[in-house]
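Each chain gets a letter, A, B and so on, in the order the sequences are listed, and its residues count up from 1. Because only heavy atoms are used, hydrogens play no part in the values below, and waters and symmetry mates are left out as well, while side chains stay in. A quick note: this is a predicted structure, and the numbers were derived from the prediction, not measured.
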Amino acid sequence: MTLSVDFQVSLPTFDLVVAFDAPSGITAISGHSGAGKTTLINALAGLLTPNRGHIETDGRVLFSSELEINLTPESRQIGYIFQDARLFPHLTVIQNLKCGRWFRRLPANPSIIEDIVTLLGIEQLLSRRPSQLSGGEKQRVAIGRALLSEPEVILADEPLSSLDTNRKAEILPYFEMLRDQLNIPIVYVSHDADEVARLATTHLRLDHGKIIAP
Amino acid sequence: MTDWLSPPEIEAILLSLKVAFWATLISLPFGIAVGFILARFEFPGKQVVNGLVHLPLILPPVVTGFILLKLFGTQGPIGSVLKELGIVIAFSWTGAALAAAIMAFPLMVRAIRLSFETIDSRLEDAARSLGGHRWHVFCVVSLPLALPGVVTGAILAFAKAIGEFGATITFVSNIPGETRTLPSAVYSFMQVPGGEESAYRLVILAVLVSMTALILSEWLAKRVKTVVEGT
């Protein structure tokens with residue numbers, strides 16, 4: 001599976017103009033803060049509409065200014081892992097995990113849920129609320145929640161930047177595992193060179209809204 | 001209680017509770033819808049909608065009552081249609097509930113709108129990225145998180161509905177057993193010689209009911225907030 005991207009977003013201070021293909025594996029996008037990384041990823045997720053361009057996954061058009069197609073975030077099948085996890089505070093961990101399956105009317109399938117829970121090592125946390133989790137635990141649950149919605153593409157917006165060094169080391173292997181075991185494109189935004197070096201299969205550098213050589 | 005209160009007093013209290021209960025229950029879905037729309041959407045005419053919702057708070061209640069009478073009276077544009085269907089609101093307790101609901105609506109909407117506004121809309125974005133359609137997101141994320149405000153809004157509206165006087169007496173008059181609510185009863189007792197004592201008892205009750213509602217709404221809102229946030 002490949003995510004093909006070619007679009008332009010006008011921002012107050014500069015234009016974000018990007019064109020790239022993200023194949024299966026991790027496409028890391030680095031750049032200073034304010035380079036347009038979050039804007040880029042939000043446009044992929046459908047939370048923001050580009051001024052013109054085209055976004056598609058293996059022939060499924062998600063956005064096209066020419067064809068006047070603009071799928072809503074909920075119909076893009078793109079899992080989004082946010083910097084701040086954004087777990088639903090009123091739901092338990094297991095309810096958070098299941099909610100994407102419920103939204104998409106996917107079969108409840110206990111064995112898939114169990115596999116992912118075990119994979120992420122969050123068996124002990126299932127009945128807790130997000131407020132009772134550490135930063136690293138929250139991020140693991142957020143990864144599980146995105147995976148269980150069975151996305152065709154995963155977006156991760158600086159998922160480790162709010163964690164300390166130890167917690168980063170706790171989460172990094174999970175992204176390596178996603179990269180090596182899932183056959184889907186993962187667009188991973190980060191300004192941390194070490195993280196990018198360790199994870200990226202493809203590396204793009206963003207500067208003032210343009211992709212420059214890494 | 002029967003020793004302390006006379007039958008007309010009990011009647012007035014029970015009627016007030018019935019009127020306030022139905023006024024709150026029927027207006028709550030509308031209050032949630034309007035509060036959510038005002039908090040989350042920008043559209044032309046938003047200020048007009050906002051103004052209309054708040055109008056009963058600012059208009060003299062007698063004016064609101066007069067407008068209701070002209071609209072919902074048996075000769076009025078809405079009242080005549082309802083009469084065809086066999087429903088008469090004017091001068092009945094259902095009319096009192098309508099007047100109370102409209103007078104309490106601004107308070108209800110304000111509390112609900114505020115609580116929707118304080119929800120982090122990025123949580124709603126997260127829900128959409130998981131495949132949640134607007135209605136899903138509303139039911140699973142927005143509404144549960146706004147619940148403390150909804151509870152506060154409902155209780156405030158209930159308290160306001162119990163105390164509503166001006167619009168009620170203008171619209172549905174002051175008929176014992178039908179539209180003589182607690183405030184109307186106080187007013188009536190004040191007009192008759194020897195009615196002072198009854199008026200006092202009802203005044204004390206009104207203060208008690210209102211204070212209880214205020215304290216209860218604060219307490220419940222806090223409780224619900226703890227449950228919702230899981231802290």
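- Every pair passing salt bridge (Lys or Arg N to Asp or Glu O under 4.0 Å) that includes a residue from residues 19-40 of chain B is listed here, sequence neighbours excluded: B:Arg40-B:Glu124.
- More than 12 non-hydrogen atoms from other residues, nucleotides or ligands lie less than 6.0 angstrom from NZ of B:Lys46.
- Atom CE of A:Met177 has more than 12 neighbouring heavy atoms from other residues, nucleotides or ligands inside a 6.0 Å radius.
- Within 6.0 Å of atom CZ in B:Phe66, 12 or fewer heavy atoms from other residues, nucleotides or ligands are found, so the atom counts as exposed in its surroundings.
- Atom NE2 of A:His191 sits in a sparse spot, with 12 or fewer heavy atoms from other residues, nucleotides or ligands closer than 6.0 Å.
- With A:Arg86 contributing its side chain and B:Asp125 its backbone, the two residues share no donor-acceptor pair below 3.5 Å.
- Using a 4.5 Å cut-off between heavy atoms, A:Tyr80 touches chain B through backbone and side chain atoms alike.
- Interface residue A:Arg105: only side-chain heavy atoms are found under 4.5 Å from chain B.
- Proximity to chain A at a heavy-atom threshold of 4.5 Å picks out B:Ala127, B:Arg128, B:Ser129, B:Leu130, B:Gly131, B:Gly132, B:His133, B:Arg134, B:His136, B:Val140, B:Val141, B:Pro144, B:Leu145 from residues 127-155 of chain B, in numerical order.
- Dense packing is recorded around CD of A:Glu123, with more than 12 heavy atoms of other residues, nucleotides or ligands lying under 6.0 Å away.
- Heavy atoms of A:Ala146 lying under 4.5 Å from chain B belong exclusively to its backbone.
- When the shell of 6.0 Å around CD of B:Glu218 is examined, it contains 12 or fewer heavy atoms from other residues, nucleotides or ligands.
- Interface remark: A:Asp84 contributes side-chain atoms only to the contact with chain B (heavy atom separation under 4.5 Å).
- Looking at A:Leu47, the atoms closer than 4.5 Å to chain B (heavy atoms on both sides) all sit in the side chain, from C-beta outward.
- By the 6.0 Å contact criterion, CZ on B:Arg110 is open, its count of non-hydrogen atoms from other residues, nucleotides or ligands being 12 or less.
- Interface remark: A:Leu87 contributes backbone atoms only to the contact with chain B (heavy atom separation under 4.5 Å).
- Annotation: A:Asp58, atom CG; neighbour count of heavy atoms from other residues, nucleotides and ligands within 6.0 Å is above 12.
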